[in-house]
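By convention in this document, chain letters (A, B, ...) are assigned in the order of the sequence lines, proteins followed by strands, and residues within each chain are numbered from 1.
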Amino acid sequence: GEDVEQSLFLSVREGDSSVINCTYTDSSSTYLYWYKQEPGAGLQLLTYIFSNMDMKQDQRLTVLLNKKDKHLSLRIADTQTGDSAIYFCAEGTSFQKLVFGTGTRLLVSP
Amino acid sequence: NAGVTQTPKFQVLKTGQSMTLQCAQDMNHEYMSWYRQDPGMGLRLIHYSVGAGITDQGEVPNGYNVSRSTTEDFPLRLLSAAPSQTSVYFCASSLQGSDNEQFFGPGTRLTVL
């Protein structure tokens, strides 16, 4: 079946880069997504990448996709304390049919 | 627009009690869904609806009922709550079509004793 795995926790200092990793199993996924969840809030779509792309950059965010290894990463440049949140990787054939990872809690210290 | 709203924010139930989690959206979205979020696990789809009068099961539907009598509302019913249903519940909505982003509500934290 489908499975999406992430490390549970990442701690960085303000100003450093953060890299959050994700592995997935379903090679038929059309889209791979990154969502951000702040405390007490719902999930917010950060960015997504089509499965036929290798990289996508959006301001401080860089998404890298290695289809051969089924590995997805999210790099946040110049990480700020406001980036502290839980980040979910998800895969699917559409925005509606998503399989979510376990989430990575990012803690940014001053 | 208020977006996706959920009530209540928090709820404590005793085993065997019933209750309804409310979800509403004011964006005229056809697609609505319910997820549960458990520690150490990703969100799992409970039920979804592609329009008024149409509902279908997701990955973990047992113990939950839904209905969709209007486009705006998609309530989730627990007929006989069990401790295994302790979780955070998220409602989401989107326009129909695979390229349309889902918008999530703020969640309801449910504890079943």
Side-chain angles (χ1 to χ4, degrees), chain A residues 1-10 20-26 28-53 56 58 61 63 72 74 85-105, chain B residues 2-10 21-25 27 29-51 54-60 68 74 87-109:
Chain A
E2 302 155 335
D3 199 14
V4 180
E5 300 206 352
Q6 301 177 237
S7 53
L8 290 180
F9 189 75
L10 176 66
I20 302 171
N21 295 302
C22 169
T23 57
Y24 61 97
T25 58
D26 188 0
S28 68
S29 295
T30 306
Y31 301 89
L32 294 125
Y33 310 82
W34 284 104
Y35 283 84
K36 177 183 181 182
Q37 183 183 31
E38 296 185 5
L43 276 69
Q44 176 190 3
L45 180 66
L46 272 183
T47 186
Y48 65 95
I49 189 169
F50 291 102
S51 60
N52 61 358
M53 296 169 64
K56 181 178 181 181
D58 184 1
L61 305 179
V63 178
L72 182 74
L74 174 70
I86 302 176
Y87 291 81
F88 289 93
C89 162
E91 60 162 352
T93 54
S94 72
F95 272 101
Q96 283 82 23
K97 302 236 189 258
L98 300 178
V99 177
F100 285 88
T102 52
T104 299
R105 184 179 293 275
Chain B
V4 181
T5 57
Q6 292 183 237
T7 56
K9 275 189 170 317
F10 303 94
L21 279 62
Q22 302 291 346
C23 174
Q25 52 87 14
M27 297 174 282
H29 285 171
E30 299 96 340
Y31 185 92
M32 296 185 74
S33 56
W34 277 102
Y35 292 86
R36 59 178 289 173
Q37 182 183 32
D38 299 299
M41 302 184 75
L43 275 72
R44 293 181 291 168
L45 182 64
I46 304 172
H47 284 285
Y48 65 96
S49 167
V50 298
I54 306 169
T55 63
D56 208 345
Q57 296 181 348
E59 182 187 352
V60 288
R68 186 92 180 271
F74 190 43
S87 188
V88 181
Y89 291 86
F90 288 100
C91 178
S93 75
S94 73
L95 291 169
Q96 194 62 278
S98 60
D99 292 342
N100 292 301
E101 177 188 350
Q102 281 196 89
F103 294 88
F104 285 82
T108 294
R109 183 174 293 274

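- Here the side chains of Gln102(B) and Tyr33(A) are not in contact, with every heavy-atom distance at 4.5 Å or above.
- Residue contact with chain A, scored on non-hydrogen atoms closer than 4.5 Å, is absent for Glu59(B).
- Partners of Asp56(B) according to the side chain to side chain donor-acceptor pair (under 3.5 Å) rule, which considers only residues two or more places apart in sequence or in another chain, are Tyr48(B).
- Summarising the geometry, atom CG belonging to Leu98(A) is positioned 15.5 Å from atom CZ belonging to Arg44(B); distances are rounded to the nearest 0.5 Å.
- Only the side chain of Gln37(A) comes within contact range of chain B, with heavy atoms under 4.5 Å apart.
- To the nearest 0.5 Å, atom OH of residue Tyr35(A) and atom CZ of residue Phe104(B) are 5.0 Å apart.
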